[in-house]
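Notes to accompany the following structure.
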Amino acid sequence: FIFIHQTLLTNISNAYEQTCIKTRNTQTLYFPSKPHESLHSLLNEYSVRHISLINYLKLIPEFNSLSTNKRNLSDLL
């Protein structure tokens with residue numbers, strides 16, 4: 001039982017390092033990083049964070065084993 005939790009924590013930590021930390025280190029710390037003249041350009045800058053979150057969740061095997069209905073983040077909260 002404890003081994004399963006340790007494996008889950010290791011998976012979460014590794015996924016976080018591969019996605020979120022990498023994004024944080026390659027993106028500016030300030031968001032938005034510049035004034036935007038259109039909503040489109042603002043959303044393009046923000047989309048990097050969404051892509052990072054999706055990639056993070058894909059790397060966690062336990063998340064992939066959930067049914068499609070349960071993958072909806074609002075259902076998990």
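- His50 is linked by a ring-ring contact (aromatic ring centres under 6.0 Å, His included) to Tyr46, counting only residues two or more places apart in sequence or in another chain.
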>> Would Ser13 and Glu17 count as a side-chain contact (heavy atoms from CB on, under 4.5 Å) here? Give the steps.
In response: CA-CA 6 Å; Ser13 177; Glu17 288 177 8; 3.8 Å; yes
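- Residues Leu59 and Asn14 are not in side-chain contact: their nearest non-hydrogen atoms beyond the backbone lie 4.5 Å or more apart.
- Here the closest non-hydrogen pair linking Ala15 and Ile60 is CB-CG1, 3.9 Å.
- For the side chain to side chain donor-acceptor pair (under 3.5 Å) test, residues two or more places apart in sequence or in another chain that qualify with Asn11 are Glu62.
- Rounded to the nearest 0.5 Å, atoms NE2 (His40) and OG (Ser47) are 9.0 Å apart.
- When the side chains of ILVMFWY residues are joined at heavy-atom separations under 4.5 Å, either directly or via intervening members, Ile51 and Leu43 end up in two distinct hydrophobic clusters.
- Connection of Ile54 to Tyr16 is not established within any shared hydrophobic cluster, with ILVMFWY side chains joined at heavy-atom distances below 4.5 Å, either directly or through further cluster members.
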